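By convention in this document, chain letters (A, B, ...) are assigned in the order of the sequence lines, proteins followed by strands, and residues within each chain are numbered from 1. Only a predicted model underlies this, so the values are computations on that prediction, with no experimental measurement involved.
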Protein chains: 2
Amino acid sequence: MPRSGADLALLLLGGFRALAEAGTVELAAHGYARIRPVHDFALHSILGGADTASALARELGITKQAVAKTVAFLETEGYVAGETDERDTRRRRFTVTERGHDLVRTGQQVFDELRDRWAERIGAAELEQLETALTELGIQVPTRLDAPGWLSGSSPD
Amino acid sequence: MPRSGADLALLLLGGFRALAEAGTVELAAHGYARIRPVHDFALHSILGGADTASALARELGITKQAVAKTVAFLETEGYVAGETDERDTRRRRFTVTERGHDLVRTGQQVFDELRDRWAERIGAAELEQLETALTELGIQVPTRLDAPGWLSGSSPD
DNA sequence: TCGATTCAGTCAACCAAGCTGTCTAGACTC
DNA sequence: GAGTCTAGACAGCTTGGTTGACTGAATCGA
């Protein structure tokens, strides 16, 4: 009995959602409320050197305005600090605060634990095979996190 | 080298997105533009007997208002037809039109083909194992399609 | 060196797909 | 027949993005 392609898609989405939901809950329980992946991504990008709004926009594939909002959140929540670049006063350069580092660390930990729990349930080998399969399919890690395609009517006009 | 939980989440999302994106494109190419999963879901639900706005809302887990918009789209695009229930004139009962059936059929076909293509690339056995693994994890097919948890800041206050 | 262009960032307005809250009106229930 | 429940609609809000117009700083080039 061959399974349907639609079910496959939903399984994948369901899997992601299960992890995501649990992760958000755990993070909130650790005191990191209202954290979305884009925040974590932004922190990673900043750590990776994309430390201005424009650079982040390029890296995250969203507009500068969207970045501005995201970074404003991160700044008011104390995850990043921004100050004007002395060499180029147009720019504000962001650095990840201690609390920001904590968030990144905790996030990693939380998701690793969730993965471990999965491994326990279906076996480490099977989980690794699942990851290998997806990797082999050339699944590229999405840079844009919102609007998962099919969901949000992103038809290419 | 153990992989990270975050990567696993992104692989799953990436997998879904790859299918979803390709599916949307294919559907658009077949003349079904701006179709989102919720549309397909709604059609299935109507076929399954949830043929009023309220019933659809319950089934899809969204509000009546959201259903109203969805159904309005489906109706103007000719996928469903609605007419007032004679027994209960408050209600409009929806039926799936021929075009609606075509869409459902084509959608299935498109996604099955995408799945076949994956099977060719990584092997049918491996793909089935992937599906089995996810199924074993008790991944439940998401009823709500938008706001995939971690993405949309659905923190449980 | 001055003018043109590019680039960083902000503001305002908009969009999409949901949401809540309020309402009308038809249908059951006693 | 009164009260309650249900179907559906309308208005307006929310979230997380978008576009477009703009200011002001930096850089390029004749």
Listed in order of residue number, which residues of residues 63-71 of chain A have a non-hydrogen atom at under 4.0 Å from DNA chain C?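 Residues of residues 63-71 of chain A under 4.0 Å from DNA chain C: A:Lys64, A:Gln65, A:Ala68.
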
Which residue pairs pass the ring-ring contact (aromatic ring centres under 6.0 Å, His included) test with at least one member in residues 49-81 of chain B, sequence neighbours excluded?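 Every ring-ring contact (aromatic ring centres under 6.0 Å, His included) pair that includes a residue of residues 49-81 of chain B, provided the two are not neighbours, is B:His39-B:Phe73.
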
Using a strict heavy-atom distance below 4.0 Å, which residues from residues 74-91 of chain A are in contact with DNA chain D?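 The stretch gives A:Arg87, A:Asp88, A:Thr89, A:Arg90 as the residues lying under 4.0 Å from the strand, ordered by number.
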
DNA chain D contacts among residues 48-58 of chain B, heavy-atom distance under 4.0 Å: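 Output list: B:Thr52, B:Ala53, B:Ser54, B:Arg58.
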
Checking B:Thr132 against A:Arg3 for the side-chain hydrogen bond (donor to acceptor under 3.5 Å, both in side chains) test, could you report, in this order, the C-alpha distance in whole Å, the side-chain angles of both residues, the deciding distance, and whether it holds? CA-CA 10 Å; B:Thr132 305; A:Arg3 307 191 218 206; 2.8 Å; yes

Would the distance check show the side chain of B:Arg121 and the main-chain N or O of B:Asp116 forming a donor-acceptor pair, the cut-off being under 3.5 Å?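 Side chain of B:Arg121 to backbone of B:Asp116, a donor-acceptor pair under 3.5 Å: no, none is there.
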
Excluding sequence neighbours, so at least two apart, what forms side chain to side chain contact (heavy atoms under 4.5 Å, CB included) with A:Ala50?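 A:Ser45, A:Ala55, A:Leu56, A:Glu59.
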
State which residues pass side chain to side chain contact (heavy atoms under 4.5 Å, CB included) with B:Arg105; sequence neighbours excluded, sorted by chain then number.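 B:Arg105: side chain to side chain contact (heavy atoms under 4.5 Å, CB included) contacts with B:Glu98, B:His101, B:Asp102.
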
Without hydrogens or angle criteria, can the side chains of A:Arg90 and A:Ser54 be said to hold a donor-acceptor pair below 3.5 Å?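 No - no donor-acceptor pair under 3.5 Å links their side chains.
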
Can A:Arg93 and A:Glu86 be counted as an ion pair, charged N to O under 4.0 angstrom?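 Not counted as a salt bridge, because no side-chain N and carboxylate O are separated by less than 4.0 Å.
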
Could you tell me whether B:Arg91 and B:Asp88 make a salt bridge, using a distance below 4.0 angstrom between a side-chain N and a carboxylate O?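 Yes, this pair counts.
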
Rounded off to whole Å, could you give me the [atom1]-to-[atom2] distance for the [X] and [N] pair?
X       : N      : atom1 : atom2 : result
B:Arg92 : C:dG26 : CZ    : P     : 16 Å
A:Leu60 : D:dT18 : CG    : P     : 11 Å
A:Arg36 : D:dT15 : CZ    : P     : 11 Å

How many angstroms lie between atom OG1 of A:Thr95 and atom CG of A:Asp51, to the nearest 0.5 angstrom?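 Result: 8.5 Å between the selected atoms.
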
Between A:Arg92 and A:Glu75, is the salt bridge (Lys or Arg N to Asp or Glu O under 4.0 Å) condition met? List the steps. CA-CA 12 Å; A:Arg92 294 193 72 219; A:Glu75 203 169 0; 3.0 Å; yes

